[in-house]
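Beneath this line is the structure, given in structure tokens, with notes to follow.
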Number of protein chains: 2
Amino acid sequence: MNLQQGITHKGLNLLLKLEPNIPKDLRATGRRMTRTRQAVLALLQRTRQPVSANEIFDQLQEEKVAIDLVTVYRTMHVLKELGMVLQLDLHQEGLSRYELKEGREHHHHIRCQICGLIVDLLLCPLKKVTKLIEQQTQFIVDDHTLEFTGLCPQCQ
Amino acid sequence: MNLQQGITHKGLNLLLKLEPNIPKDLRATGRRMTRTRQAVLALLQRTRQPVSANEIFDQLQEEKVAIDLVTVYRTMHVLKELGMVLQLDLHQEGLSRYELKEGREHHHHIRCQICGLIVDLLLCPLKKVTKLIEQQTQFIVDDHTLEFTGLCPQCQ
DNA sequence: TCCTTGTTGCAAGTTCATTGCAAATACCAT
DNA sequence: ATGGTATTTGCAATGAACTTGCAACAAGGA
Ligand SMILES: [Mn+2]
Ligand SMILES: [Mn+2]
Ligand SMILES: [Zn+2]
Ligand SMILES: [Zn+2]
């Protein structure tokens with residue numbers, strides 16, 4: 001399936017199966033749905049793994065979608081602002097990854113140290129711990145990050 | 001107290017109250033106790049907060065200790081290898097911080113989003129959770145990172 | 001004090017990410 | 001469909017954290 005085909009110069013492309021309200025979300029804040037934003041969103045949709053800016057850039061290059069790496073960064077910034085994308089800064093990766101929010105709740109990740117596979121962890125075990133920490137430190141806890149690393153089933 | 005005074009060109013300096021076995025630990029691996037390493041270690045000892053390479057550099061500059069930023073990085077690398085220092089990569093800081101290990105056990109941190117205060121959390125609530133994750137994901141879990149952010153008592 | 005070898009400073013290089021600006025383009029009004 | 005305008009893009013430059021190459025320096029055992 002050729003991605004280029006799917007991109008029209010105007011409006012929403014059905015082949016890409018983008019959430020229909022995404023262009024409206026963009027325009028509601030004075031922004032525009034461009035072909036590059038469509039291409040990035042479509043890539044995020046069909047990629048289950050969180051992807052880095054460079055991976056988005058490389059993948060779109062392969063698919064003959066003309067886009068600059070700077071534009072990828074700026075696109076991710078916008079999508080983050082609109083709450084459509086989550087930015088992950090996994091430990092010791094030294095780069096950011098992004099995943100479509102798509103109604104995902106607060107969750108954490110585990111990454112395989114060998115192949116890099118990243119899997120969502122649907123549980124968050126820290127609700128009670130947070131209260132305990134607030135008591136012990138007198139901080140007001142706003143947020144937390146939690147990641148696990150290990151070996152995935154394939155790499156063991 | 002002038003740090004410069006405390007630094008002799010050879011051997012261990014008592015004023016700095018360095019762990020006496022530290023120079024030996026260094027020499028045991030074919031390394032040398034230099035004046036820059038003494039200065040960095042002394043700074044780590046008297047600083048309770050985890051410090052970044054740039055903070056170490058700036059602080060030593062102020063104290064008229066001649067040291068290059070590159071040397072700070074290389075020193076931290078060595079001290080990490082020897083297990084004398086822990087490297088922290090706190091979320092969204094975009095840089096590494098270091099703290100003396102000094103027998104500290106595995107622990108986590110909370111950082112104030114306003115003033116940057118970092119406090120050790122002595123508990124680790126993740127032992128049981130790790131087992132659950134291994135069951136659910138079929139990963140073998142090697143490690144985890146966990147940090148909290150919030151407002152410290154001063155900044156509330 | 002000498003000699004060997006580890007260490008340092010300086011400069012240059014990497015990597016990930018951001019910024020300035022002119023050209024291109026989305027899209028609303030006509 | 002056309003035009004006007006504010007947004008977006010590409011390119012080049014910049015920034016921040018960190019690493020590497022190499023010659024000069026110095027630690028510390030002989
Ligand atoms: Mn996820
Ligand atoms: Mn600590
Ligand atoms: Zn959580
Ligand atoms: Zn832990």
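At a cut-off of 3.5 Å, with distance as the only test, a side-chain donor of A/His144 or A/His106 sits close to an acceptor on the other residue. Under 3.5 Å, the side chains of A/His91 and A/His109 contain no donor-acceptor pair of N or O atoms.
For D/dT19, the OP1/OP2 oxygens have no side-chain nitrogen or oxygen of B/Arg74 closer than 4.0 Å. Between A/Arg37 and the phosphate of D/dT8, there is a side-chain N or O to OP1/OP2 separation shorter than 4.0 Å. When the side-chain nitrogen and oxygen atoms of B/Ser96 are compared with OP1 and OP2 of D/dA17, none of them lie within a distance under 4.0 Å.
One atom, CG of B/Leu26, and another, C1' of D/dA26, lie 15 Å apart when rounded to the nearest Å. Going from atom NZ of A/Lys80 over to atom C1' of C/dA17 covers 11 Å, rounded to whole Å. Between the CG atom of A/Leu69 and the C1' atom of D/dA12 there is a distance of 13 Å, given to the nearest Å. Following rounding to the nearest Å, A/Arg27 (CZ) and C/dC28 (C1') show an atom-to-atom distance of 11 Å. Rounded to whole Å, the distance from CD1 on A/Ile67 to C1' on C/dT25 is 14 Å. Between the CE atom of A/Met33 and the P atom of C/dT25 there is a distance of 17 Å, given to the nearest Å. Between the P atom of C/dT15 and the CG atom of A/Asp89 lies a distance of 19 Å, rounded to the nearest Å. In this structure, the CG atom of B/Asp68 is 18 Å from the P atom of D/dA23, given to the nearest Å.
Checking side-chain atoms of B/Gln87 against main-chain N and O of B/Tyr98 turns up no donor-acceptor pair under 3.5 Å. With hydrogens and angles ignored, the 3.5 Å screen pairs a side-chain donor or acceptor of B/His107 with a backbone N or O of B/Glu105. Checking side-chain atoms of A/Gln49 against main-chain N and O of A/Ile118 turns up a donor-acceptor pair under 3.5 Å.
Checking D/dG10, D/dC18, D/dT8 against the side-chain heavy atoms of A/Arg31 singles out D/dT8 as nearest. Nearest to the side chain of B/Thr36, among C/dC10, C/dT8, D/dT9, sits C/dT8. Here the side chain of B/Tyr73 is nearest to one of C/dG9, D/dT19, C/dA17, namely D/dT19.
Mapping B/Arg97 and B/Thr34 onto DNA chain D by nearest heavy atom places B/Arg97 closer to the 5' end of the strand. Heavy-atom distances to DNA chain D give each of B/Arg32 and B/Asn54 a nearest nucleotide, and the one nearer the 5′ end belongs to B/Asn54.
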